[in-house]
Number of protein chains: 2
Amino acid sequence: MTDALPREESLGYQVNHLARLFAQALAVRIAPYGVVPGQFAPLLALFEQDGLSQRELCDRVRIEQPTMANTLQRMERDGLVRRVPDPSDRRRAHVRLTERARAIEQELVSAALAVNGAATGGLTDAEIATYLDLTARMMRNLEADGGQ
Amino acid sequence: MTDALPREESLGYQVNHLARLFAQALAVRIAPYGVVPGQFAPLLALFEQDGLSQRELCDRVRIEQPTMANTLQRMERDGLVRRVPDPSDRRRAHVRLTERARAIEQELVSAALAVNGAATGGLTDAEIATYLDLTARMMRNLEADGGQ
DNA sequence: CTCCAGATCATAGCCAGCTATGCATGCGGG
DNA sequence: CCCGCATGCATAGCTGGCTATGATCTGGAG
């Protein structure tokens with residue numbers, strides 16, 4: 001329980017650092033298209049299925065609702081999406097891609113692939129698969145954790 | 001280059017998500033001590049060597065200087081550190097732990113170990129070692145990446 | 001029909017990260 | 001000596017994450 005202090009906070013610290021590096025690598029590649037990293041996941045979800053509600057987007061992207069609300073506000077400001085009210089349920093709004101967003105889909109996908117490629121340089125497919133598997137297992141562990 | 005869109009943004013997305021889960025798991029465990037995740041790495045660095053300058057802390061923790069400036073401000077507000085001016089160089093200040101911070105060192109280290117333990121449940125030591133190795137390699141790749 | 005529980009979204013306020021600047025100090029060359 | 005560059009820190013302003021709370025609407029129980 002009271003070991004020597006873990007070398008550089010080990011896993012949690014390293015993963016946090018790696019996540020920041022991924023975000024930065026993505027940022028430089030998508031900046032030319034006027035998109036920032038936080039908008040990326042919602043955009044991918046909408047490319048897959050346009051017209052999702054905010055709630056559905058939260059579930060798919062694994063982000064809390066207020067975070068999504070802010071992100072969508074910026075995306076609307078930046079001309080990437082519109083919110084169209086649901087006539088059958090006035091609480092909901094459907095998020096729809098603009099022409100501008102659809103026009104840059106391929107470029108954004110390419111950017112994501114480029115980041116993945118840069119990160120995994122020198123890694124075998126088996127290593128990448130292992131990494132994803134271990135990542136998924138730890139996510140499940142921590143989700144089940146809940147607290148204490 | 002223009003593959004099908006990567007399944008859930010693959011690596012970058014998963015790592016981001018995992019990092020958030022780590023931060024949350026840590027947050028619930030250290031909240032009782034009045035510490036938040038962003039203060040954790042600087043505290044560990046200071047436990048190892050007290051009296052570092054802000055610049056040295058940035059280098060050790062891999063955080064940009066303005067981020068550290070804000071974090072230290074909150075840590076000072078929360079009574080975890082003091083900044084004492086360097087008499088021999090009036091630009092610098094040394095960050096020193098308070099008694100309160102030193103008093104909770106063991107609890108904080110335990111919390112970090114508990115988070116690591118929760119995350120790595122069901123993983124072998126070899127798997128954890130592999131994970132850290134692959135993480136380090138990707139970090140090197142992305143650091144070398146720079147942009148484009 | 002009414003009213004209340006639940007769902008959807010928005011807002012407030014915080015932490016944590018970043019870039020771009022600005023300001024003061026220190027230091028080395030000429 | 002001094003001038004200019006480098007260094008250390010602070011500030012401004014942004015993104016993006018969170019919890020807590022509020023407002024509005026739906027739908028069902030009674």
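We name chains A, B, ... by the order of the sequence lines, and we start the count at 1 in each one.
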Those residues of residues 71-79 of chain A lying under 4.0 Å from DNA chain C by at least one heavy atom:
Q73(A)
Output the rounded distance in Å from CG (L21(A)) to C1' (dG17(C)).
12 Å
Roughly how far, to the nearest 0.5 Å, is the CG atom of L72(B) from the CZ atom of R77(B)?
12.5 Å
Within-4.5 Å side-chain heavy-atom neighbours: I30(A) and L108(A)
yes
Compare all side-chain heavy atoms of P42(A) with those of M75(A) and state whether any distance is below 4.5 angstrom.
yes
Going 5' to 3' along DNA chain D, which nucleotides are the first and last within contact of chain B (any atom under 4.0 Å from a heavy atom)?
dA6(D) to dC18(D)
Measure the spacing between CG of L46(B) and CZ of R102(B) and express it to the nearest 0.5 Å.
10.0 Å
Between N16(A) and R90(B), name the one whose nearest nucleotide on DNA chain C is closer to the 5' end.
N16(A)
Nearest nucleotide by nearest heavy atom, which residue falls closer to the 5' end of DNA chain D, Q65(A) or P87(A)?
Q65(A)
Whole angstrom is fine here: how far is it from CD in Q39(B) over to C1' in dC14(C)?
12 Å
To the nearest Å, give me how far apart CG (N70(B)) and C1' (dA16(C)) are.
9 Å
Enter the distance from R100(B):CZ to T98(B):OG1 here, rounded to the nearest 0.5 Å.
6.5 Å
Would you check if R62(A) and Y13(B) make a side-chain contact, meaning some heavy-atom pair closer than 4.5 Å?
yes
Quiz question: going by heavy-atom distance under 3.5 Å, is there a donor-acceptor pair between the base of dA24(C) and the side chain of R91(B)?
no
Taking all atoms of both residues into account, what is the closest heavy-atom pair of F22(B) and G12(A), and its distance?
CD2-CA, 3.6 Å
Do the side chains of Q24(B) and D145(A) get nearer than 4.5 Å, heavy atoms only?
no
Heavy atoms only, 4.0 Å cut-off, all strands: where does A93(B) land among base, sugar-phosphate and nothing?
sugar-phosphate
How long is the line joining CG of L57(B) and P of dA16(C), in whole Å?
15 Å
Using whole Å, report how far CZ of R83(A) lies from C1' of dC9(C).
9 Å
Please give the angle, rounded to 10 degrees, between the axes at the start and the end of the helix from dC1(C)-dG30(D) to dG30(C)-dC1(D), where five pairs define each axis.
10°
Dump the intermediate steps for salt bridge (charged side-chain N to carboxylate O under 4.0 Å, His left out) on R74(B) and D78(B), then the final yes or no.
CA-CA 6 Å; R74(B) 287 189 288 268; D78(B) 298 347; over 6 Å; no
Would you say that E48(A) contacts L44(A) through its side chain, given a criterion of any heavy-atom pair below 4.5 Å between the two side chains?
no
Look at the side-chain N and O atoms of R20(A) and state whether any lies under 4.0 Å from the OP1 or OP2 oxygen of dC18(C).
yes
Just wondering, do M138(A) and L11(A) contact through their side chains at under 4.5 Å, heavy atoms?
yes
Given R137(A) and L123(B), is the side chain to side chain contact (heavy atoms under 4.5 Å, CB included) satisfied, shown in steps?
CA-CA 8 Å; R137(A) 284 161 69 188; L123(B) 275 66; 4.0 Å; yes
Take S88(A) and E64(A), find for each the nucleotide of DNA chain D with the closest heavy atom, and name the residue whose nucleotide sits nearer the 5' end.
E64(A)
Phosphate OP1/OP2 of dC18(C): any T67(B) side-chain N/O under 4.0 Å:
yes
Mind checking if Q24(B) touches a base, just sugar-phosphate, or nothing, with heavy atoms under 4.0 Å?
sugar-phosphate
Return the 5'-most residue of the pair D86(B), A69(A) with respect to DNA chain C, ranking by each residue's nearest nucleotide.
A69(A)
